[in-house]
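Have a look at the structure below before the remarks.
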Number of protein chains: 2
Amino acid sequence: MSRSVPAPMADKLLATAGELALSWDEVRTEDIAEASGIPRATLYYYFSSKDEILQFLLTRMLERLTDAVAAAEDPDAAIPDRLAAVVRAQLAHLGEFPATAQLLTANLGKAGKLPDLAAGINAAFHEPVRRLLALGAANGTLRPVDPEIAATALYGAVTVIGLRSLVIDNHLDADEVSGQILPLFWSGIRPDVRP
Amino acid sequence: MSRSVPAPMADKLLATAGELALSWDEVRTEDIAEASGIPRATLYYYFSSKDEILQFLLTRMLERLTDAVAAAEDPDAAIPDRLAAVVRAQLAHLGEFPATAQLLTANLGKAGKLPDLAAGINAAFHEPVRRLLALGAANGTLRPVDPEIAATALYGAVTVIGLRSLVIDNHLDADEVSGQILPLFWSGIRPDVRP
DNA sequence: CGCCCGGTTGGACGACGCGTCCAAGCCTAC
DNA sequence: GTAGGCTTGGACGCGTCGTCCAACCGGGCG
């Protein structure tokens with residue numbers, strides 16, 4: 001169990017994530033200390049292991065994303081628009097904090113064993129989409145599909161396309177990318193019927 | 001550079017992947033030795049590092065998948081059917097070799113830095129889908145979408161849904177899962193127009 | 001037969017990073 | 001001024017990786 005981390009230290013850590021290697025076991029505690037300016041002994045005063053530092057970075061990132069998604073949604077708008085807003089907010093977050101986002105996917109092996117991280121991914125990515133898909137199916141503004149499956153598919157598509165954009169282009173334009181993903185999921189790949 | 005691995009040793013290693021922890025840095029070389037029956041000294045005779053063993057496992061897995069995908073495709077069938085066959089073959093492979101598939105995604109951080117692994121993922125997952133999407137768009141059997149984006153989206157959706165099925169249900173029925181993914185991508189989530 | 005040579009193996013070893021511990025310093029509150 | 005909590009440097013034990021070597025095995029060849 002870690003002591004509650006003082007805000008300035010949390011900021012330093014989150015700000016420093018970009019300078020660390022992607023594969024967490026190639027990051028030495030001394031690297032974290034150097035990059036963040038927090039000495040090793042102090043890190044171990046607050047965290048009981050290196051993996052707990054990773055967990056801290058990732059849960060903080062997911063909490064912020066969960067909040068950003070909630071803020072992006074206009075409860076009065078039509079479901080398809082709300083869904084678009086959620087996806088755009090998720091992509092915008094990937095673009096804003098690329099380092100932690102890549103840390104998450106690069107270390108899914110560790111992350112998968114931490115229950116609260118799985119819950120965080122669910123709260124930030126899966127659940128907001130699943131809810132809207134179910135609502136839309138119920139009121140007829142979306143075609144009825146299995147919301148569980150479709151939400152998972154969107155999660156996979158959004159994160160993989162987002163990370164691909166980050167890796168290849170080294171940046172991510174949320175409007176541009178969501179403008180590519182959403183029409184694909186909206187209309188599918190069935191050819192338009194000729195009238 | 002690793003010596004060419006004798007076939008019996010390769011088989012032992014691939015067969016043993018399921019007994020190893022998901023996070024590669026939690027796997028000790030001694031664990032690999034015990035699980036596979038190949039002594040540590042012999043492993044280091046063929047591989048120059050633990051990561052090279054991981055790379056070997058993953059590239060072999062991706063090569064098999066690439067072959068399976070090529071075999072599943074009937075060049076005379078219609079593009080949408082060929083696309084469905086490709087996706088089904090990918091899911092079937094995830095179901096058949098769940099351990100290596102999970103190893104791949106759990107250690108993307110290491111895998112991402114190895115160029116031939118990235119190429120392997122492309123050859124097994126991305127390229128076959130991209131090609132069909134482009135062909136279908138050209139001959140009108142698929143709605144024209146950016147094949148690059150759509151192939152990436154399908155890759156994300158297929159792997160994430162496949163792994164979710166493996167983790168939750170502990171098995172994967174390729175027909176069932178492809179029967180859920182394909183209609184979603186085929187028709188999208190736009191509500192059907194009332195005539 | 002005796003030799004060579006490549007593969008196989010056990011065991012020892014150095015390097016290195018993690019996590020622990022302690023003692024000294026510092027600051028604040030009382 | 002003193003007590004208690006935070007901060008830090010430095011040293012240490014421990015486990016794992018990767019290396020090395022010497023011994024062994026078995027087949028091919030002169």
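In the text below, chain A, chain B and the rest are named by the order of the sequence lines, each starting its count at 1.
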Aromatic ring proximity B:F185/A:F185, centre distance under 6.0 Å: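 They qualify: ring centres under 6.0 Å apart.
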
Once rounded to the nearest 0.5 Å, what's the spacing between atom CZ of A:F97 and atom CZ of A:R60?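 It is 12.5 Å, given to the nearest 0.5 Å.
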
Rounding to a whole Å, what distance do you find between [X]:[atom1] and [N]:[atom2]?
X     : N      : atom1 : atom2 : answer
B:L43 : D:dG18 : CG    : P     : 11 Å
B:W24 : D:dC17 : CH2   : P     : 10 Å
B:D25 : D:dG18 : CG    : P     : 12 Å
A:E26 : C:dG17 : CD    : P     : 12 Å
B:I53 : D:dC17 : CD1   : C1'   : 11 Å
B:E34 : C:dT9  : CD    : P     : 15 Å
B:E30 : D:dG15 : CD    : C1'   : 13 Å

Closest to the side chain of B:Y46, out of D:dT16, D:dC6, C:dT8, is C:dT8

Strictly by modelled atom types, are B:T141 and B:N139 linked by a side-chain donor-acceptor pair under 3.5 Å?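 Checked: B:T141/B:N139 side chains pair up, N/O donor to acceptor below 3.5 Å.
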
Is any side-chain heavy atom of B:R143 less than 4.5 Å from a side-chain heavy atom of B:V145? yes

Nucleotides 19-27 of chain C: protein proximity per nucleotide (B base, S sugar-phosphate only, - neither; heavy atom, under 4.0 Å): BB-------

Give me the atom names and distance for the closest heavy-atom approach of B:E127 to B:A123.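 That would be CB-CA, 4.5 Å.
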
Check A:I79 against A:L132 and note the closest heavy-atom contact, atom names and distance.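 So the minimum-distance heavy-atom pair works out to CG2-O, 3.3 Å.
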
Using a cut-off of less than 4.0 Å, is there contact between a side-chain N or O of A:Y45 and OP1 or OP2 of D:dT7? no

